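What follows is a single structure, written as structure tokens, with notes after it.
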Protein chains: 2
Amino acid sequence: MESNVHKISCPDCRLSDLCLPYGLQQNEVKQLATIVKNKRPTQTDEYLYLQGDAGQNLYAVKSGSFRSFISDANGNEQTIGFYLPGELMGLDALQHGFFTCSIVALETSMVCELPLSRLNELCAEIPGLQNQMLRILGKEIASDHDKILLLGHRSAKERVATFLLMLSRRYASLGFSSTEFNLSMRRQDIANFLGLTIETVSRQFTELSKDGVITVKQRSIQINDMASLKATVKPCLPDQLSFIA
Amino acid sequence: MESNVHKISCPDCRLSDLCLPYGLQQNEVKQLATIVKNKRPTQTDEYLYLQGDAGQNLYAVKSGSFRSFISDANGNEQTIGFYLPGELMGLDALQHGFFTCSIVALETSMVCELPLSRLNELCAEIPGLQNQMLRILGKEIASDHDKILLLGHRSAKERVATFLLMLSRRYASLGFSSTEFNLSMRRQDIANFLGLTIETVSRQFTELSKDGVITVKQRSIQINDMASLKATVKPCLPDQLSFIA
DNA sequence: TCCTTCTGTTGACATAGATCAAGGTATTGT
DNA sequence: ACAATACCTTGATCTATGTCAACAGAAGGA
């Protein structure tokens, strides 16, 4: 039943290996589950939290997807990243207890709410949980470094190709197809994330299509020639941009 | 004596409020000090570690400065950031135990080496230390987000101005002048960090000089009109780009 | 079903910043 | 002190991407 989706708890969650419970023992996962609050579904374009809000919680994506962004005084936005199931949002609030970016749902989505105070207590009790927190934080930092590399030194075509490979890899680790998927974000979101305009993104999609590398139909993407796509983003060592591996 | 600089330990270190000991009690700082290994000075252009190395340690800058970068198959580099005294290097290795970037000294520098295994043990014992680790990690993430914003949506002039403000603020928090300082990095490093060419960086320095906003003489920088410099990087909310505050 | 709105595509043109090239100024080593 | 090298600046030109504009297809509401 649909209503049960809300209530699936960590020990039964198919995402547990991608999320905080990874590496924990069964009873430890149960302990973790006791502090998790399930929230009602978040609708498309609904904000999970806003930049500047007090950050008392972390949020794990249970289903759907989200976009994080920083906005400036003029209302201009810079998209910082996209979050898929199993990924943790709100880590930037660990610094001072305030979120430095806003999060909006790209589709109807579910999150698990993790109160930071309880999580801290639990980290002290469960060494494996503390380690997993550090691993996740390290991953976030490494992934942000990849984004800096992407924005600093890559052409429009490389950026678009990298973006697709990044998604492909994350869908694969969720057990979905790595070659066929639907984008949950608009062209505008992709463009903004990649530091490009929507026109440029659109043109790159068109070019990759004409070359037969991908098939694009609105939000649906099919990767026909993974090797070519990867070759587009060379010259990067495979294990550098973690998402190309 | 010069040789004593090596041996200053956390309880006596003037950087302790910027570094890991912040917020700890005196006896806790002493405990932390027992796991810190002092290393011999790192010379200019010497590598602290290389991308791909096993990361068993974190490193805190005691004196001098460092540059971190990712290199690709062609030997091209993307500078990820610069590290000043009190800042922690190597956090990206928390993910899988391998460094995802390389670190090189920009001048003769000193670091404190913190074995991760010992640090983890200590975090379990000292709740304040675990909190401080999380704060530092959150800060790193927030600062990386600022870099993404910078590279994604800012003009050359805004990037250069932001870079100067970023340094100004960090020097100020170290107790140095916020308006007069020497750059420890070459133009090439600045350009690469900002996703620009050295020619463009040079031209922006020249323009800011002609406008009387700064005085540049090789590596020495003087900020004559802080308000103008900040106005250059508007439109960003002051508390968004944390380094402009 | 039709109309409106939102989203994405394509083309023509403009421009910020890259590239190419030359010369100037510190710094280093002998 | 001098030569050699590394670093930085400036000018001329080129190009990838942004901007402006028009249109086309999908989605949603009445």
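Throughout, protein chains are lettered first and strands after them, A, B, ... in sequence-line order, and every chain is numbered starting at 1. Remember, it's a predicted structure, so these values are computed and weren't measured experimentally.
- Partners of B:Gln56 by side-chain hydrogen bond (donor to acceptor under 3.5 Å, both in side chains), not counting sequence neighbours: none found.
- Atom CG of A:Asn192 is separated from atom P of C:dT7 by 14 Å (rounded to the nearest Å).
- Here the P atom of nucleotide C:dT10 and the CG atom of A:Leu208 are 13 Å apart, to the nearest Å.
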List the atom pairs, with distances to 0.1 Å, where a side-chain N or O of residues 196-205 of chain A and a protein N or O form a donor-acceptor pair under 3.5 Å, not counting sequence neighbours.
| unit_1 | atom_1 | unit_2 | atom_2 | d |
| --- | --- | --- | --- | --- |
| A:Thr197 | OG1 | A:Thr200 | N | 3.3 |
| A:Thr197 | OG1 | A:Thr200 | OG1 | 3.0 |

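- Scanning for ring-ring contact (aromatic ring centres under 6.0 Å, His included) contacts around B:Phe69 gives an empty result, with sequence neighbours left out.
- In this structure A:Arg14 satisfies the salt bridge (charged side-chain N to carboxylate O under 4.0 Å, His left out) test with no other residue, sequence neighbours excluded.
- A search for side chain to side chain contact (heavy atoms under 4.5 Å, CB included) contacts involving B:Ala105 returns B:Thr42, B:Phe66, B:Ser109, not counting sequence neighbours.
- Bounding nucleotides for the chain B contact on DNA chain D, 5' to 3', at a heavy-atom distance below 4.0 Å, are D:dC7 to D:dA12.
- Under 4.0 angstrom from either OP1 or OP2 of C:dG8 there lies at least one side-chain N or O belonging to A:Arg219.
- In terms of the side chain to side chain contact (heavy atoms under 4.5 Å, CB included) criterion, residue partners of A:Ile141 (sequence neighbours excluded) are, by chain and number, A:His145, B:Leu91, B:Asp92, B:Leu137, B:Glu140, B:Ile141, B:Asp144.
- Note on the helix from C:dT1-D:dA30 to C:dT30-D:dA1: terminal axis deviation equals 50°, with five pairs used at each end and the result rounded to 10°.
- With sequence neighbours left out, the ring-ring contact (aromatic ring centres under 6.0 Å, His included) criterion links B:Tyr59 to B:Tyr49.
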> Nucleotide by nucleotide, 5' to 3', does protein get under 4.0 Å of the base (B), only the sugar-phosphate (S), or neither (-) in nucleotides 15-26 of chain C, counting heavy atoms?
Replying inline: --SSBB------
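- Applying the salt bridge (charged side-chain N to carboxylate O under 4.0 Å, His left out) test to pairs two or more places apart or on separate chains, none has a residue in residues 99-111 of chain B.
- A:Asp189 places a side-chain N or O within donor-acceptor distance of the main-chain N or O of A:Arg186, the cut-off being under 3.5 Å.
- Sorted by first and then second residue, the pairs that involve residues 74-91 of chain B and meet salt bridge (charged side-chain N to carboxylate O under 4.0 Å, His left out), not counting sequence neighbours, are B:Arg67-B:Glu77, B:Glu87-B:Arg170.
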